[in-house]
Amino acid sequence: MGQDVRIVGAGRTDAGVHASGQVMHFDSRWIGHPVDMRRAANALLPRDVALLRVSAAPPGFHARYSAATRSYRYRLWCRRVRHPLVRRTSLHVPFPLDVDAMALAAEQLIGSHDFAALGRPVGGSAITVRRLDQLDVVRHGAFVDLCFVGNAFLRHQVRRTVGLLLDIGRGKWPAEIVEAVLAGQAGAPKAWRAPAWGLTLTNVTYPSETEFIARAEMRAPTGGEI
């Protein structure tokens, strides 16, 4: 079509982080079927990127600002011997982990907290309070998955949380250390940042179309002067 478009994603990810559920929006003059757009785009995209679904967005939709929740998964491969076939999407952990202790620590992070000790804001904002709706630590076979769900995250928040939980899982710190870390108490450990390649953005959820329209109307100018 010869049209330049600006792509807006649902969230930023660090270099090396994967995404299986990234959402983006753009404005286009395309008049064909969305399936044909997907086919055409995938023919041109690099092999490590693909559009899974294309659809028309409701009025007022914004991939980033309309998002209700974002879900991330950090995957650990927990065996003494590394697994070459999963090395690009998981972190090899060759030592035993106390998954119960990690889960107990994770529970203390759920809710609204000041996560300044685990991340920093982007875009010039100074607000470091975020709401974490869910943080599950799940073992299945040789894998341990840390599954995060929240409305938004600070930069490196998930990866530093993984680093803290790994130290707790290996017995370096008790699960109760989480409170001291969040409070920034003197002597509290500084959470290290787990490598990017174990992290995947898995899902982004949005309100219903009716809510989109209502929100768009609320944001629309009235045309009058105050």
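Values reported hereafter were calculated over all heavy atoms of this structure, with side chains retained and with hydrogens, waters and symmetry mates removed.
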S.K.: Are any of the side-chain heavy atoms of T128 and R120 separated by less than 4.5 Å?
M.R.: no

S.K.: Rounded to the nearest 0.5 Å, what separates atom CD1 in I177 from atom CD in Q185?
M.R.: 8.0 Å

S.K.: Following the transitive rule for hydrophobic clusters with a side-chain heavy-atom cut-off under 4.5 Å over Ile, Leu, Val, Met, Phe, Trp and Tyr, establish whether L76 and L85 coincide in one cluster.
M.R.: no

S.K.: Looking at side-chain heavy atoms only, is the closest gap between L135 and T161 below 4.5 Å?
M.R.: yes

S.K.: Counting distance only, does the side-chain N/O of Y72 pair as donor-acceptor with the main-chain N or O of R159 below 3.5 Å?
M.R.: no

S.K.: I'd like to know if the side chain of Q22 reaches the main chain of G11, judged simply by a donor and an acceptor atom lying under 3.5 Å from each other, with no hydrogens or angles considered.
M.R.: yes

S.K.: With a 4.5 Å limit on heavy-atom distance, are the side chains of H18 and T89 in contact?
M.R.: yes

S.K.: Closest approach of A10 and Y206, non-hydrogen atoms and distance?
M.R.: CB-OH, 3.5 Å

S.K.: If you compare all heavy atoms of Y74 against all heavy atoms of A194, which two are closest, and at what distance to 0.1 Å?
M.R.: OH-CB, 3.5 Å

S.K.: Taking the side chain as every heavy atom from C-beta outward, state whether V35 and R39 have any atom pair closer than 4.5 Å.
M.R.: yes

S.K.: Within the side chain of D14, is there an N or O that forms a donor-acceptor pair under 3.5 Å with the backbone of V17?
M.R.: no

S.K.: Please check if V93 and F143 belong to a single hydrophobic cluster, counting links between Ile, Leu, Val, Met, Phe, Trp and Tyr side chain heavy atoms closer than 4.5 Å.
M.R.: no

S.K.: Mark yes or no for whether R155, through its side chain, and P121, through its backbone, hold a donor-acceptor pair below 3.5 Å.
M.R.: no

S.K.: Linking I/L/V/M/F/W/Y whenever any side-chain heavy atoms sit under 4.5 Å apart, do L182 and L104 land together?
M.R.: no

S.K.: Is the side chain of D98 donor-acceptor paired with the backbone N or O of D100 at a distance under 3.5 Å, no angle test?
M.R.: yes

S.K.: Verify, without hydrogens or angle tests, whether W173 (side chain) and D167 (backbone) share a donor-acceptor contact under 3.5 angstrom.
M.R.: no

S.K.: Is a side-chain N or O of T69 found less than 3.5 angstrom from the main chain of N151, in a donor-acceptor match?
M.R.: no

S.K.: Side chain to side chain contact (heavy atoms under 4.5 Å, CB included) for L109 and L118? Distances and angles first, verdict last.
M.R.: CA-CA 11 Å; L109 292 164; L118 296 173; 4.2 Å; yes

S.K.: Any donor-acceptor pair under 3.5 Å linking the side chain of S28 with the backbone of W30?
M.R.: yes

S.K.: Which heavy atom of V5 sits nearest a heavy atom of D27, and at what distance?
M.R.: CG1-O, 3.3 Å

S.K.: Does the Lys NZ or Arg CZ of R130 fall within the cation-pi geometry relative to F115 - under 6.0 Å from the ring centre and within 45° of the axis?
M.R.: no

S.K.: Roughly how far, to the nearest 0.5 Å, is the CZ atom of R79 from the NE2 atom of H92?
M.R.: 10.0 Å

S.K.: Quick check: closest heavy atoms across R6 and F26, and the distance to 0.1 Å?
M.R.: O-CB, 3.5 Å

S.K.: Could you check whether any side-chain heavy atom of V144 comes within less than 4.5 Å of a side-chain heavy atom of V137, counting everything from C-beta outward?
M.R.: yes

S.K.: Would you say that L51 contacts L45 through its side chain, given a criterion of any heavy-atom pair below 4.5 Å between the two side chains?
M.R.: yes

S.K.: Could you grab the distance from atom NE2 of H156 to atom CG of L199, nearest 0.5 Å is fine?
M.R.: 10.5 Å

S.K.: Provide the closest heavy-atom pair for S90 versus W77 in the form atom of the first, atom of the second, distance.
M.R.: OG-CB, 3.8 Å

S.K.: Could you walk me through whether V23 and F61 pass the side chain to side chain contact (heavy atoms under 4.5 Å, CB included) test, one step at a time?
M.R.: CA-CA 11 Å; V23 178; F61 178 85; 4.2 Å; yes

S.K.: Would one find more than 12 heavy atoms of other residues, nucleotides or ligands at under 6.0 Å from atom CD of E179?
M.R.: no

S.K.: When you measure from the side chain of R70 to the backbone of G150, do you find a donor-acceptor pair of N or O atoms at a distance under 3.5 Å?
M.R.: no

S.K.: Under 4.5 Å between side-chain heavy atoms, counting indirect links through other Ile/Leu/Val/Met/Phe/Trp/Tyr residues: same cluster for L201 and V86 or not?
M.R.: no

S.K.: Measuring from R73:CZ to F148:CZ, what's the distance to the nearest 0.5 Å?
M.R.: 12.5 Å

S.K.: Can you confirm whether R64 sits close enough to R12 that some side-chain heavy atom of one is under 4.5 Å from a side-chain heavy atom of the other?
M.R.: yes

S.K.: Side chain of Q108, backbone of A175: donor and acceptor closer than 3.5 Å?
M.R.: yes

S.K.: Please find the pair of heavy atoms, one from D133 and one from R131, that lie closest to each other, and give the distance.
M.R.: OD1-NE, 2.6 Å

S.K.: With a 6.0 Å cut-off (strictly less than), is the heavy-atom count around CD1 of I7, excluding the residue itself, greater than 12?
M.R.: yes

S.K.: Hey, does P189 have a side-chain heavy atom less than 4.5 Å from the side chain of V181?
M.R.: yes

S.K.: Please tell me whether H62 and H25 form a close aromatic pair, meaning their ring centres lie under 6.0 Å apart.
M.R.: yes

S.K.: When rounded to the nearest 0.5 angstrom, what is the spacing between CZ in R82 and CG in L91?
M.R.: 14.0 Å

S.K.: Nearest 0.5 Å, what's the CZ-CH2 distance between R88 and W197?
M.R.: 12.0 Å

S.K.: After noting the C-alpha distance and the side-chain angles of D36 and R38, does the key distance pass the salt bridge (Lys or Arg N to Asp or Glu O under 4.0 Å) rule?
M.R.: CA-CA 5 Å; D36 295 327; R38 182 184 65 183; over 6 Å; no

